[in-house]
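Per chain, numbering begins at 1; letters A, B, ... match sequence-line order. What you see is a predicted model, and the numbers here were worked out from it, not measured in a lab.
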There are 2 protein chains.
Amino acid sequence: MLGIKRLSLINNHLSSQFPPIPYDESLDNYRKRGEEINKEVLLRHIFGDSYERIITFRNHMKNDPIFNHHDEAEFSRSKKRERVVQQIASIYFKAIISYEYCKAGPLRKYELLYALCDYDIAVATRISIHLVLYIDAIETLGTSKHLEHIKRAYSLLDYGCFGMTELGHGSNVAKLETTATYDHSTREFIINSPTATSAKWWIGGLGKTSNKSVLFARLIVEGVDKGINAFIIPIRDNQTHDSLPGVIIGDCGKKIGLDGIDNGFMLFKNYRVPYDSLLDKFSSITNDGKFKSIISVKEKRLGTMMVGLIGGRVAVVSAAEQHMKIGLTAALRFSAVRKQFSSDEIENPILDYPLQRYKLIPHLASLFAIRSILLWCNKHLPIVQQKINENPEAIEVSEYHAILSACKGVASWYSSSCLQQCREACGGLGYSYYATLGRIIMNDNIGSTWEGDSGVLIQQTAKFIFKQVQRNFKGHAIDAPSLKCIKVDHEKLMQFKAKFENSEQLENENSLFELIEYRLNYILYQSLMKLQEATGNSKDMFEAWNKSQVFYLQELAKTYGEYIMMREFAKFVKELEEKCEKTGKVLRKFFVLFSVGLIQKYSASFQDSAINAHQAKVVRESVVRLCGELAEVSIKVIDAIAPPDSIHGSVLGVANGQIYAKLIEQVEKAEEVYDKPHWLPLLQKIKQIKKT
Amino acid sequence: MLGIKRLSLINNHLSSQFPPIPYDESLDNYRKRGEEINKEVLLRHIFGDSYERIITFRNHMKNDPIFNHHDEAEFSRSKKRERVVQQIASIYFKAIISYEYCKAGPLRKYELLYALCDYDIAVATRISIHLVLYIDAIETLGTSKHLEHIKRAYSLLDYGCFGMTELGHGSNVAKLETTATYDHSTREFIINSPTATSAKWWIGGLGKTSNKSVLFARLIVEGVDKGINAFIIPIRDNQTHDSLPGVIIGDCGKKIGLDGIDNGFMLFKNYRVPYDSLLDKFSSITNDGKFKSIISVKEKRLGTMMVGLIGGRVAVVSAAEQHMKIGLTAALRFSAVRKQFSSDEIENPILDYPLQRYKLIPHLASLFAIRSILLWCNKHLPIVQQKINENPEAIEVSEYHAILSACKGVASWYSSSCLQQCREACGGLGYSYYATLGRIIMNDNIGSTWEGDSGVLIQQTAKFIFKQVQRNFKGHAIDAPSLKCIKVDHEKLMQFKAKFENSEQLENENSLFELIEYRLNYILYQSLMKLQEATGNSKDMFEAWNKSQVFYLQELAKTYGEYIMMREFAKFVKELEEKCEKTGKVLRKFFVLFSVGLIQKYSASFQDSAINAHQAKVVRESVVRLCGELAEVSIKVIDAIAPPDSIHGSVLGVANGQIYAKLIEQVEKAEEVYDKPHWLPLLQKIKQIKKT
């Protein structure tokens, strides 16, 4: 059948109804513009030690006809899910993913996810629920007796899901309703869903696929609620795939995007599982039926359990960067080819317009900022995971958690705004499915609310900063290295005046850090004042805290995240400069644009006292000038980082620049393109009705 | 079959696998909070004279099972298009739309579109292309001999489309490539598509439905290019529905949204049409074969032709408001029901959190601002259309065009940002298709680029303002009433200091207008300076103009649009206060929030010199306080304006607040909810592979 389809495609091409399309040199011409960069050095710098493996995965996908976006365009949900399983199976076995393979390096799993996510985050997520959420939970919360589950999972003998979220509770995990009541007579747990809202909900891979689940439930021992604990339980029969007696599993139905993920719900009716189901690293039940935990305070227990589950959030940051990369691949290449308006006969590529440049180039800068923090996250992930085992309350752990929580939010908001700009930058043609922007926008859209609602999660960053400042108030030094720049000296803060008079002085790295550090200190000071004021007219700290979110704590946490991104971006550039001066020089400009962009974004706050109207103008002019300079080189930069055409799937982003030809080819290949509608009789009937 | 399906749904309900769901009083409770309003007075004020007819249309839809979002959830593109035609036919004949009906009032067509757009903009657009774009073009550009086309169109004997945009040109209409060469020997036009990019593209209703088209093509007379002219031409055979010889018609394929619209492309090969095809109000060809036009300057001719086609843009403004209304219906009702976190045992509705209020309430204020300008647009539309016939260059015409161009852009950006916030405000459950937010987001997404790319279109507003200021420089008075507040007195401007010290002084209507008028004057002054500076280092005015967009001309035009929205919002509130004091009082707060929100958004610019750090804080505090007060009454307000449940289609926005029950019902009704996947053999095969 594939053969027949291919044949018909060739026929289609030969029988195109369109006039012949001459070769379009626009992209080639734009590619010649701007400074030179070494594309390979840049990509290797970005991928670091993962370079070879990511490229290998890419090649697996490129050469496999099962990875084909345009085939999938008209797939039903059900067909799409089948395809995703085929895709995962294909790459999993080609790349020989195994327990041993993944243990050989802490980033091994993430490299696979990265490669798949360039194609479609639904594919990456389907496998990451299993490889990261499910397996990491067993590893982090279980003990040696659970190792067999991990090995079975790596061999795909089990396919696991992550049963945390319920219909009634997402962010507030402490209030989950599912119960696991310990029955000492049989040393079993009896799992129940007492209410409709206690149904496990949105569980990826559950709807149609998984036979096992990590389950978060309220542990009841001797009638006493011991808080949320994690279990590993079978849910479907391994042979028949029927859900097990006492377990009801269904599909959550249609979503906005991510059709390839079979999100499901699950209810329990007196479902009994053996004692060893409990993932018992932190808590267990003694042989005489008593609950015991190495973390005595109940409230702290859940936090400690959660802190280990960081892999999913790193994946969200990564996905944000990847979606931006694909959006910008389409929007920048399209903008170099698309021509509209001019003052003479020959129209200009729209990428020549300062407005278009301003729409896109700052997002390219943000992309590198996210990539920089991602490299930091990746580097520190294994260290922190190790540290959690030793001392989950160590400063390294809480600082990592604070940075990741902030950056997860910031990255997801950046990508959402970037993709909307990319869509608009492509005008009407960006609305075609074949431009791929719609698919990416809707897939990316969940980024701000999964793995913890960004607005809620980022509050943990603010709490971390406040705790550090409180230490300081109590006479201790701030022990988080990332907060060394905090100076709780308000008088000095209020006297600060930025010194730059022109763009050159502004764009100096020291000057930029001085400004962002001032911003961080200033918004911290404002937040402290606000919280103090709110405490005075609130019934408790909870209320005061909530009253201080808008314009204060939320902004504090975002600024902190952006400050750390800047710090890592500066490092990224410095190391790149050592590898290749000319490439580093271009990336330094992106760093400056990102940093100046932050000053511009927060200029109202700066203008409270730190900068004046003239300086604000210097900042604006600097943004526009940098966008202009970087637009010139932007096609080369996007060439360096763009995935191959067959992987990003956007007709507007094809590397050879034959955008119109590719779009027409795609449209002419689509179903029923030249057919009369099957509802023609309806049309004819309407005319009849009116005539009589 | 419908019977069988219904029966199965009842069975499904009886056999729900979920625990019984007790009645949820959360929404009822929230509904009791806040000030009282008179919902009917508010809705009648909003709909004005159209109230009865819109409600009648709504009732037609409510009682017609063919309007059912959940039936459509899994429809293919092709099936969806059939359904849209059924829906249009149903309401068209029930409501007895006709030539006479539409002539009885200038807003008659728009009332129909409004009602349909609450259900789905794809339905509204399908019919508006025909009723507004196609028919208005014939009326505006044709002469009495074209009346028969109009009558046939109203009777649905013809279904028309609007052939303007081409693959290669959207915004720059002057560069369209399709040619219509006049052949004096037969007094015909020969239409051709000389290139692939000259294909008419994205033409709504063309792909499968239309048998006629208004066509924009480059008129060639005696070998001379006379610029773009409009024609009315047959494209498909009325009996067979085959495209006519010389015309190639295809479907543009899959889009991001708007599945119900059959956007098509069209190519011509020596297609001959008779002389009377030319819509000849402005230009014609004499009996001896000479081109003549009542507008002698070729460049001006196109602008004059275009200015009459304003109906589509009014529809975009309306759609923005309607999408926001549906998004906020879902997000506000959900937020009143959804509970998460608290400082004690009982969790708070998330609408109680200041952060959630700040996410949503300002958008509700913007909704009323858009509604206010829409009432103005509607009121003046017939006056302006009349005026165009008399003198297309009249100040009333160009001012209307400037205001509409700005407001089209502002409204489309507002709605896009509002809907994203609504989605995030609903957390993960907002990602369900049944929440309807995804459908609306993608349908709304085109708003910023269709009917003229907002960023390009808004430049016409800036040009209008500049022309008025130039008049002033030349010693004439500014003749646009909307610009009377412009004072070209820079010294005074630079000395302006806002006087408010506290929120009461700030929130006074006069104070708010003083501030926004200052902002308008200040950004105008900055733009003038910028353009002057850019002129000095650019090769021509075109380049200087483009260099002055970012931070200047774009902002000038937006501010102007927002200023006019404020003006109309103030009027809207004043008139409402006369009808019902308590309702007016609540709406006045929304007006203040909208206005203070603008000051906050532009606070960096204000802080250049007009307001200080303390005042900036007053502005922020005012925003947060108003969001808090208005959140209390927001459920009543949304109750007043929300369309019925079956029309908005969001399970999160149901009026009775039984959100979880409704979502579960929907999910259990979905296809294959409890079935094993059809690709189970694939899953089993994967386990086999690994075992061997």
Interchain contact, B:K79 with chain A, by part (heavy-atom threshold 4.5 Å): backbone

Pairs of heavy atoms under 4.5 Å with chain B: top-ranked of A:G628, A:S603, A:S448: A:S448

B:W450 portion near chain A, given a 4.5 angstrom heavy-atom threshold: neither

Ring centres under 6.0 angstrom apart (B:Y674, A:F265): yes

Modelled atom types, side-chain donor and acceptor of A:R338 and A:Y660, under 3.5 Å: yes

Structural part of B:T197 lying under 4.5 Å from a heavy atom of chain A: side chain

B:F341 vs A:H169 side-chain heavy atoms within contact, under 4.5 Å: no

Options A:N612, A:I21, A:L663, A:L553, ranked by heavy-atom pairs under 4.5 Å with chain B, top entry: A:L663

Chain A contact via B:W413 - side chain, backbone, both or neither, heavy atoms under 4.5 Å: side chain

Chain A contact via B:I248 - side chain, backbone, both or neither, heavy atoms under 4.5 Å: side chain

Any donor-acceptor N or O pair under 3.5 Å, side chains A:Q86, A:R83: yes

Among B:L258, B:N445, B:V456, residue most engaged with chain A (heavy-atom pairs, under 4.5 Å): B:N445

Proximal component of B:E621, with respect to chain A [non-hydrogen, under 4.5 Å]: side chain

Atom group of B:D24 that falls short of 4.5 Å from chain A, counting heavy atoms: neither

Partner chain B: residue of A:Y159, A:W202, A:Y358 with the largest heavy-atom pair count (under 4.5 Å): A:W202

Which atoms of B:E345 approach chain A - backbone, side chain, both or neither, heavy atom under 4.5 Å: both

Contacting moiety of B:A196, where chain A heavy atoms sit under 4.5 Å: both

B:R77 portion near chain A, given a 4.5 angstrom heavy-atom threshold: side chain

Proximity breakdown for B:N348 and chain A, heavy-atom pairs closer than 4.5 Å: side chain

